[in-house]
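These figures come from a predicted structure and were not determined experimentally. FYI, side chains are in, hydrogens and waters are out, and symmetry mates aren't considered; it's all heavy atoms of this structure.
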Protein chains: 2
Amino acid sequence: MSTEIWISQLQDNGYRITSARRAVVDTVYGSTHALTPIEVYDKARKKYRALGLVTVYRTLEKLEELHLIQRVHQPIGCQAFISAGVGHQHLLLCQNCGQVEFFDGDDLDSLTKNIARKTGYQIKEHWLQLFGLCVDCR
Amino acid sequence: MSTEIWISQLQDNGYRITSARRAVVDTVYGSTHALTPIEVYDKARKKYRALGLVTVYRTLEKLEELHLIQRVHQPIGCQAFISAGVGHQHLLLCQNCGQVEFFDGDDLDSLTKNIARKTGYQIKEHWLQLFGLCVDCR
DNA sequence: TTTTTATTGAAAATCGTTTTCAATAAGTAT
DNA sequence: ATACTTATTGAAAACGATTTTCAATAAAAA
Ligand SMILES: [Mn+2]
Ligand SMILES: [Mn+2]
Ligand SMILES: [Zn+2]
Ligand SMILES: [Zn+2]
């Protein structure tokens with residue numbers, strides 16, 4: 001499990017592999033914190049100085065399109081990205097340090113059935129996110 | 001239950017009641033769809049032509065501050081607002097027409113306890129949102 | 001190596017939002 | 001009612017984030 005997985009995915013989808021894209025991939029892949037475009041830019045430029053902010057936006061766009069990263073919605077803003085989890089998962093965020101973890105095993109079936117019955121809605125999907133303090137911050 | 005409730009709330013908190021604010025309140029209060037600032041502006045200007053977009057932003061800011069409205073996060077964007085529910089509630093959104101409903105009675109206690117145990121996090125709050133098709137759209 | 005063309009970063013354009021500011025009008029005191 | 005104080009207003013300018021344009025470059029194919 002390394003960044004080469006993402007690189008191959010880009011390649012397999014007809015995208016060329018460049019130094020700029022490697023720098024962005026290296027930065028975002030494996031980050032334990034959600035990163036905004038500017039944050040990606042600042043970090044990635046330490047690996048590849050000539051990198052342009054525009055390319056960060058364009059690369060994030062492609063990674064999101066390939067479901068390799070996902071946008072993280074937070075009270076402070078919704079522009080940050082994190083590696084996408086595999087399969088059906090949800091996020092757990094530390095309100096202090098911004099660390100992100102995935103969890104699965106939520107069982108919302110009886111809940112959604114209930115709501116569907118009460119409201120008449122046909123429920124297609126759900127967003128669930130937990131906020132709290134991580135082991136280091138509690 | 002009318003817009004006068006919001007008007008009083010504004011008044012009680014030292015804000016003056018103006019035609020511009022009435023137009024915004026009349027537009028947002030009771031809307032079954034989340035509205036963006038521009039959408040509020042377009043609708044409210046039919047009630048009060050001289051209204052400025054700036055005032056829409058400023059009024060929404062105050063309504064949010066008083067917890068009378070809340071921001072709605074969606075895949076397409078996170079700038080829209082809807083009347084805030086009372087107490088602990090969650091949103092149910094129609095993916096077709098954008099209608100918003102509230103629901104309560106979710107019991108996530110055992111889930112959060114589980115996740116807390118597995119991850120070591122101290123969980124403080126949660127976001128839960130359901131998406132689907134409303135009665136009219138299904 | 002040569003050729004093709006996707007990708008690049010700089011600069012300009014655009015979009016949503018915020019700030020500035022002088023004029024106005026809401027609420028209060030007279 | 002009238003005068004007074006000051007919060008509120010909308011227009012214009014400023015701002016920050018994102019997107020578009022474009023000529024130069026470099027990745028991949030021939
Ligand atoms: Mn789930
Ligand atoms: Mn809940
Ligand atoms: Zn933490
Ligand atoms: Zn609908």
Side-chain angles (χ1 to χ4, degrees), chain A residues 3-4 6-28 34-66 69 71-81, chain B residues 3-4 6-28 34-66 69 71-81:
Chain A
T3 61
E4 287 309 311
W6 288 14
I7 296 292
S8 312
Q9 283 275 346
L10 285 167
Q11 210 156 30
D12 295 351
N13 284 80
Y15 296 121
R16 294 182 179 176
I17 304 310
T18 66
S19 307
R21 283 180 180 160
R22 279 191 190 279
V24 172
V25 164
D26 286 354
T27 300
V28 178
L35 300 173
T36 62
I38 287 279
E39 287 169 344
V40 172
Y41 176 65
D42 289 338
K43 283 179 186 283
R45 247 162 56 93
K46 292 185 177 139
K47 302 165 199 271
Y48 179 63
R49 259 269 117 71
L51 178 66
L53 178 56
V54 204
T55 300
V56 172
Y57 277 100
R58 290 191 278 226
T59 305
L60 290 175
E61 192 176 71
K62 283 164 183 62
L63 292 175
E64 188 180 25
E65 177 190 309
L66 297 176
I69 61 173
R71 190 176 294 269
V72 176
H73 298 259
Q74 287 176 270
I76 49 162
C78 307
Q79 310 80 28
F81 292 89
Chain B
T3 60
E4 287 309 312
W6 287 14
I7 297 291
S8 312
Q9 284 276 347
L10 285 168
Q11 211 157 29
D12 295 350
N13 283 81
Y15 295 121
R16 294 183 181 175
I17 304 310
T18 66
S19 306
R21 284 182 179 159
R22 279 191 191 279
V24 173
V25 164
D26 286 354
T27 300
V28 178
L35 301 173
T36 62
I38 287 280
E39 287 169 344
V40 171
Y41 176 65
D42 289 338
K43 283 179 187 285
R45 246 162 58 92
K46 292 183 177 139
K47 302 166 199 269
Y48 180 62
R49 259 270 118 73
L51 179 66
L53 178 57
V54 204
T55 300
V56 172
Y57 277 98
R58 291 192 276 225
T59 306
L60 290 175
E61 193 177 71
K62 283 164 184 60
L63 293 175
E64 189 181 23
E65 178 190 309
L66 296 177
I69 62 173
R71 189 176 295 269
V72 177
H73 298 260
Q74 286 178 271
I76 49 163
C78 307
Q79 309 79 29
F81 292 89

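- Between A:Leu51 and A:Ala44 the shortest heavy-atom distance is CD2-CB, 3.4 Å.
- Proximity of A:Val56 to A:Ile38: side-chain heavy atoms (C-beta onward) are nowhere separated by under 4.5 Å.
- When rounded to the nearest whole Å, the span between CD of A:Gln79 and C1' of C:dC15 equals 14 Å.
- Between B:Trp6 and B:Leu66 the shortest side-chain heavy-atom distance does not fall below 4.5 Å.
- Taking every heavy atom of both residues into account, B:Thr59 and B:Arg21 meet most closely at OG1-CG, 3.8 Å.
- A:Thr27 and A:Lys47 make their closest contact through OG1-CE, 3.4 Å (heavy atoms, listed as atom of the first residue, atom of the second, distance).
- Rounding to whole angstrom units, CG of residue A:Asp42 and P of D:dA17 are separated by 11 Å.
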Sequence-aligned protein contact record of nucleotides 23-30 of chain C, with B where the base is within under 4.0 Å of a protein heavy atom and S where only the sugar-phosphate is: ---BS---
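- What you find for A:Ala34 and A:Glu39 is that their closest heavy atoms are O-OE1, 3.7 Å.
- Proximity of residues 56-65 of chain B to DNA chain C (heavy atom under 4.0 angstrom from any strand atom) is restricted to B:Tyr57, B:Arg58.
- Rounded to whole Å, the distance from CZ on B:Phe81 to P on C:dT17 is 8 Å.
- Between D:dT9, C:dA11, D:dA11, one nucleotide has an atom nearer to the side chain of B:Ala20 than all others, and that is D:dT9.
- What separates OH of B:Tyr41 from P of C:dT17 is a distance of 14 Å, to the nearest Å.
- Between the CG atom of A:Leu51 and the P atom of D:dT25 there is a distance of 18 Å, given to the nearest Å.
- One atom, CG of B:Leu53, and another, P of C:dT17, lie 8 Å apart when rounded to the nearest Å.
- Rounded to whole angstrom, the span from the CG atom of A:Leu35 across to the P atom of D:dA17 amounts to 16 Å.
- Residue contacts shown for B:Tyr48 are limited to sugar-phosphate atoms, with no base heavy atom under 4.0 Å away.
- The two residues A:Tyr48 and A:Ala23 have their closest heavy-atom pair at CB-CB, 3.7 Å.
- Here OH of A:Tyr41 is found 4.0 Å from CZ of A:Arg45. Values are rounded to the nearest 0.5 Å.
- Formation of a donor-acceptor pair under 3.5 Å by the A:Arg22 side chain with backbone atoms of A:Ile17 is not found in this model.
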